[in-house]
Amino acid sequence: MTQAKMKQLPLSVEITDKRDVRTQFAALCYRVKDDKTQVLMITSRRTGRWIIPKGWPMDGKTPADCALTEAWEEAGVKGKVTGGCLALYTYVKSMGGEDPLPCAVMVYPVKVKSLEKIYPEHGERKRKWLSPKAASKLADEPELAHLLRKFDAKRLIA
């Protein structure tokens, strides 16, 4: 059975009550080196936890385009989205003095063409290439850790 290709439309963002679950879009940035999959992990700005680039919806952009924009801004990635949403994971975003915000994150695969030295958040984050298994051990969110552990770029149709 083949899956019909669906065109993804840009989003029209509507602000909702912050007590609702919010959606974010993430980039699972990857490369294949010496026939082995590697994924790019970055640190969060506030706590220094190891994460993947992610962020909020952007008016007029598709979820995949949002993920690619976050990959550029947070990690300096130049690349392309190579498939549809791989998976969802959930976490609770700490909002400083505000109530924590439950988030559902849609993850898109991004094949990295290059990493730029200068990018919008280059002085605020670290980045590191890791095997999917090693990356999974750094992730705090169990669902993200599972996704990372099982990820194999060779299974993607790029």
Say whether [X] and [Y], considering side chains only, have a donor N or O and an acceptor N or O under 3.5 Å apart.
X	Y	answer
Lys36	Ser131	no
Thr82	Tyr108	no
Arg46	Ser94	yes

Do the non-hydrogen side-chain atoms of [X] and [Y] ever get within less than 4.5 Å of each other?
X	Y	value
Lys33	Trp129	no
Val39	Ile52	no
Arg45	Glu121	yes

Using a 6.0 Å distance limit plus a 45 degree cone around the ring axis, check whether Lys78 lies over the aromatic ring of Trp72. yes
Hits for side chain to side chain contact (heavy atoms under 4.5 Å, CB included) against Lys137, two or more places apart or cross-chain, chain-then-number order -> Lys133
For the backbone of Ala153 and the side chain of Thr37, can you confirm whether one donor and one acceptor N or O come within less than 3.5 Å of each other?
yes
Problem set entry | Donor-acceptor contact present, side-chain Glu116 to main-chain Gly76, <3.5 Å | no
Taken in chain and number order and not counting sequence neighbours, the residues that satisfy ring-ring contact (aromatic ring centres under 6.0 Å, His included) with Tyr91 are none
Salt bridge check, Arg49 against Glu141: does any charged N sit closer than 4.0 Å to a carboxylate O?
yes
Rounding to 0.5 Å, atoms CG (Leu138) and OG1 (Thr43) come to a distance of 11.0 Å
